[in-house]
Amino acid sequence: MTAMLKVDGLDAFYGRVQVLHGLSLEVAKGEILCLLGRNGAGKTTALKAIMGLVPPRVGAVMLDGVDISLLRAEDIAKEGIGYVPQGRRLFAELTVAENLEIGLMARNSPRHARDRVLDLFPVLAERLHQRSGTLSGGEQQMLAIGRALCLEPAVLMLDEPTEGLMPAMIQRIREVVLLLRAEGVAVLLVEQRVEAVLPVADRVLFVENGRSRDCVRASDLGADHALLHRYVGVGA
Amino acid sequence: MDLGPYLMLASLEGAVGAAVLALTALGLSLVFGVMRIVNVAHGEFYMLGAVLAWWVTSMIGGHPALGFVAAMVVAPLVVGLIAAAAERLVLRRLNYDPEATIVATIGLLYVIQQLALSTYGADARPVPAPIDFRIQFPWFGYSGYKLCVIVASAALMLGVWLVLTRTRAGLMMRATQYDPETARAFAIPVGRVYAGVFAAGAMLAALGAVLIVPIQQAHYLMGHDPLLLSFIVVIIGGLGSLRGTVLAAVIIGMSDGIISVFFSPTLAKILATLLVAFVLVWRPTGLFGARAA
């Protein structure tokens with residue numbers, strides 16, 4: 001299996017505070033890797049470091065065999081990474097259509113990328129000219145994912161996409177993520193809650209204090225509560 | 001003259017002031033809205049526009065309109081380049097820190113002002129109006145050029161609005177305004193957007209000055225009043241709200257013109273400043289300002 005996204009020995013800092021200590025991970029095409037760990041373990045920072053928003057000081061980020069860790073943040077998105085940030089971070093004053101347009105502009109995606117998103121999330125099509133800040137939480141999350149999908153990404157990174165959503169919404173988002181996996185997108189998912197991870201993830205990488213620890217198949221995790229207990233503090 | 005015609009004259013004078021003020025304040029509001037930078041040097045970009053307009057028109061002979069049209073193009077371009085350079089060399093190096101940039105733009109104010117004094121000199125110099133006709137009302141004649149200033153300013157503001165709402169560049173600016181970090185994650189070159197916005201803000205001030213310079217004269221200290229009034233307008237309208245800025249410019253510009261004609265310019269400034277105080281007490285976000293997130 002060749003890695004679509006391969007992160008190797010990443011160190012990242014907020015000012016003088018080191019948040020990531022040699023974090024490494026690999027996601028293949030058509031695979032869902034989930035980063036699991038406690039609050040403040042460095043999961044969100046890992047995604048930001050990959051996006052170049054927190055520039056890594058040491059380490060490599062290989063996208064399909066090309067090192068992108070030295071690119072500026074605005075050039076990394078162009079390489080084909082779709083990012084769904086924590087808390088959605090929509091451009092709240094802009095309309096739904098304008099938010100999608102920003103996704104399309106990033107890589108000059110063809111028009112059908114947008115049609116595809118509206119097929120996946122038909123509710124957005126009804127709200128195109130509504131200010132995105134006025135959408136419901138679930139709709140906002142769909143728009144955040146749709147905006148990232150407008151890039152037609154090879155790698156999709158989602159930071160706690162199901163946080164605070166109703167079960168029906170969670171189900172829809174889960175279906176879309178599985179559909180993308182089936183199409184060969186490499187998915188990197190950050191979660192804090194185990195029950196949100198197990199139904200979708202192929203592999204789980206535990207993150208602790210900015211370091212990557214054990215990496216296990218999600219199917220093995222059900223039986224092994226010791227790891228969950230150690231890294232997330234839940235389980236038997 | 002009866003009160004009616006007198007009031008009409010005062011309103012016309014107010015409208016001319018309001019038009020130029022709206023243009024200048026729009027530049028300040030745009031820079032604050034997108035970059036969160038309080039640009040104290042904004043008035044000096046205005047002054048530079050006027051001085052450059054004098055320079056261009058005195059270089060080009062022939063019909064005054066020729067030189068004026070050249071000034072409308074050259075002055076904003078040069079001012080925009082200077083502003084973009086200042087953004088690269090100073091503001092970017094301060095990481096756009098809100099407090100540091102205030103101090104830096106105060107410094108910029110004096111640098112530009114003293115450079116103008118040592119090259120252009122301390123004289124006030126006139127620029128001939130590009131068109132010379134008077135509109136004859138039954139009670140008084142009025143400069144046709146002044147009416148053109150109102151029209152030109154309105155057209156320029158319409159242009160700004162169209163760029164912001166209908167173009168990719170405008171969409172990038174608005175996205176940067178709301179969330180620069182996420183904008184970068186979607187390939188928007190935030191650094192270049194900032195340079196462009198700072199230059200555009202300065203160019204709007206310069207355009208306002210080119211329009212006004214056939215009415216007032218170009219002088220190296222002429223940036224003070226527009227800076228003060230622009231701040232008043234931007235605060236009353238709501239920081240970063242372009243709609244509020246234009247509306248407040250009309251209110252302040254009109255009242256400034258009318259009160260100046262009937263009473264005194266000083267009283268007009270006193271009342272405008274008082275209005276700011278009231279707005280800050282009762283509606284700190286301004287007429288159209290969003291609540292702080």
Side-chain angles (χ1 to χ4, degrees), chain A residues 15 44-45 47-55 68 71-95 97-109 129 131-133 143-144 146-153 155-159, chain B residues 29-30 32-36 87-88 92-97 100 161-197 237-245 285-286 288-293:
Chain A
T44 295
T45 309
L47 298 196
K48 286 193 174 180
I50 292 170
M51 285 311 293
L53 299 173
V54 180
I68 58 166
L71 294 180
R72 287 174 306 177
E74 52 261 43
D75 295 325
I76 288 176
K78 287 194 186 126
E79 298 295 315
I81 303 186
Y83 178 42
V84 183
Q86 187 173 26
R88 309 186 267 271
R89 302 281 289 267
L90 294 172
F91 302 107
E93 298 286 322
L94 307 188
T95 64
E98 286 171 331
N99 271 279
L100 293 175
E101 185 65 34
I102 284 168
L104 292 173
M105 271 165 30
R107 297 177 83 193
N108 283 317
S109 306
H129 300 292
R131 256 189 43 197
S132 61
L143 178 56
R147 180 177 64 177
L149 291 181
C150 277
L151 275 73
E152 302 194 304
V155 175
L156 181 66
M157 305 199 299
L158 305 110
D159 198 341
Chain B
S29 183
L30 194 66
F32 180 82
V34 177
M35 305 172 73
R36 300 281 130 177
E87 197 273 348
R88 283 276 150 122
R92 176 167 305 191
R93 278 153 206 265
L94 296 172
N95 264 326
Y96 309 106
D97 176 80
W161 182 77
L162 285 175
V163 167
L164 279 173
T165 54
R166 299 289 153 86
T167 67
R168 287 171 71 120
L171 189 56
M172 285 186 184
M173 281 185 212
R174 286 183 293 146
T176 303
Q177 168 171 7
Y178 300 126
D179 190 342
E181 188 184 71
T182 307
R184 293 187 80 202
F186 285 88
I188 293 176
V190 168
R192 257 183 284 162
V193 170
Y194 280 168
V197 165
L239 288 166
S241 160
L242 301 183
R243 207 163 33 128
T245 299
T285 52
F288 285 91
R291 302 249 164 257

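Letters A, B, ... mirror the listed sequences (proteins, then strands); counts begin at 1. The figures that follow rest on heavy atoms only: side chains count, while hydrogens, waters and symmetry mates do not.
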Looking at every non-hydrogen atom in both residues, tell me the closest pair between Y83(A) and F186(B) and how far apart they are.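 Heavy atoms of Y83(A) and F186(B) come nearest at O-CZ, 3.4 Å.
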Could you pull out the closest heavy-atom pair between A77(A) and A187(B), with the gap in Å? CB-N, 3.7 Å
Rounded to the nearest 0.5 Å, what separates atom CD1 in I102(A) from atom CZ in R168(B)? 11.0 Å
Is it the case that over 12 heavy atoms from other parts of the model lie below 6.0 angstrom from the CZ atom of R192(B)?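 Count not over threshold, so no.
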Compare all side-chain heavy atoms of [X] with those of [Y] and state whether any distance is below 4.5 angstrom.
| X | Y | value |
| --- | --- | --- |
| V190(B) | E74(A) | no |
| L171(B) | L94(A) | yes |
| K48(A) | E181(B) | yes |

Under the salt bridge (charged side-chain N to carboxylate O under 4.0 Å, His left out) rule, what do R174(B) and E98(A) come out as? Steps first, then yes or no, please. CA-CA 10 Å; R174(B) 286 183 293 146; E98(A) 286 171 331; 2.9 Å; yes
Check whether M105(A) gets within reach of chain B through its side chain, its backbone, both or neither, counting any heavy atom under 4.5 Å. both
With a 4.5 angstrom heavy-atom cut-off, could you sort out which part of I76(A) is near chain B: side chain, backbone, both or neither?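 Neither part, no heavy atoms under 4.5 Å.
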Output, in order, the C-alpha distance, side-chain angles, deciding distance and verdict of side-chain contact (heavy atoms from CB on, under 4.5 Å) for T182(B) and R147(A). CA-CA 11 Å; T182(B) 307; R147(A) 180 177 64 177; 3.6 Å; yes
